Amino acid sequence: MALSVVVILLLAVLYESIKVGKVKLFHHALESLPARINKQLIEETDQESADSDLPPVCRTRLRWFLCHFGQSLIHVAQVIIGYFMMLAVMSYNTWIFLGVVLGSAVGYYLAYPLLNMV
């Protein structure tokens with residue numbers, strides 16, 4: 001029983017960490033993608049990476065696609081862990097419920113200061 005409470009607690013901490021990771025990845029993706037692609041940006045990019053086979057617009061779209069794909073995978077992991085925790089709480093076991101609550105609190109306490117480092 002104690003092991004299951006610890007596992008649920010760690011799942012709740014992981015859930016909160018994934019939420020923070022998703023926000024940081026989204027923020028990083030927004031900073032790395034240009035707001036608009038104009039001729040000057042294309043010329044600068046061509047000068048910096050003349051040996052690349054892809055044009056700058058394709059590289060930007062590829063970067064956006066990879067960031068979006070990564071965010072989608074992280075979202076799926078977050079949803080799965082959230083449903084596992086919901087099912088654990090619906091077992092109506094007080095210790096499991098307290099493990100989820102305590103894990104969420106500990107995860108929030110540990111993970112959310114990392115958002116200030118963005």
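In this text the structure is predicted, and so the values were computed from the model without any measurement.
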> What side chain to side chain donor-acceptor pair (under 3.5 Å) pairs are there with at least one residue in residues 85-104, not counting sequence neighbours?
Replying inline: none
> When rounded to the nearest 0.5 angstrom, what distance separates CZ in F84 from CG in L87?
Replying inline: 7.5 Å
> When rounded to the nearest 0.5 angstrom, what is the spacing between CD in Q78 and NE2 in H75?
Replying inline: 6.5 Å
> For the residue pair I96 and V89, what are the closest heavy atoms and their distance?
Replying inline: CG2-N, 4.3 Å
> Do S4 and M1 have side chains that get closer than 4.5 Å, going by heavy atoms?
Replying inline: yes
>> On a heavy-atom basis, which atom in F26 and which in Q71 lie closest, and how many Å separate them?
In response: CA-NE2, 3.1 Å
> Partners of L10 by side-chain contact (heavy atoms from CB on, under 4.5 Å), sequence neighbours excluded?
Replying inline: V6
>> For Y109, is the OH atom crowded, meaning more than 12 foreign heavy atoms sit under 6.0 Å from it?
In response: no
>> Tell me which one of I80, V100, I81 satisfies side-chain contact (heavy atoms from CB on, under 4.5 Å) with Y15.
In response: I81
> Do you reckon L11 sits in the same ILVMFWY cluster as V5, going by side-chain contacts under 4.5 Å, direct or chained?
Replying inline: yes
> Is there a path of hydrophobic side-chain contacts, each under 4.5 Å between heavy atoms of I, L, V, M, F, W or Y residues, that connects L98 with V7?
Replying inline: no
> Do I74 and L14 belong together in a cluster built from hydrophobic side chains that touch within less than 4.5 Å?
Replying inline: yes
> Any idea which heavy atoms bring I8 and A88 closest together, and the distance?
Replying inline: CD1-CB, 3.6 Å
> Hey, what do you get for CE (M85) to CE (M90), rounding to the nearest 0.5 Å?
Replying inline: 14.0 Å
> For L25 and C67, which heavy atoms make the closest approach, and how far apart are they?
Replying inline: CD2-O, 4.4 Å
> Rounded to the nearest 0.5 Å, how far does OH of Y108 lie from OG of S17?
Replying inline: 13.0 Å
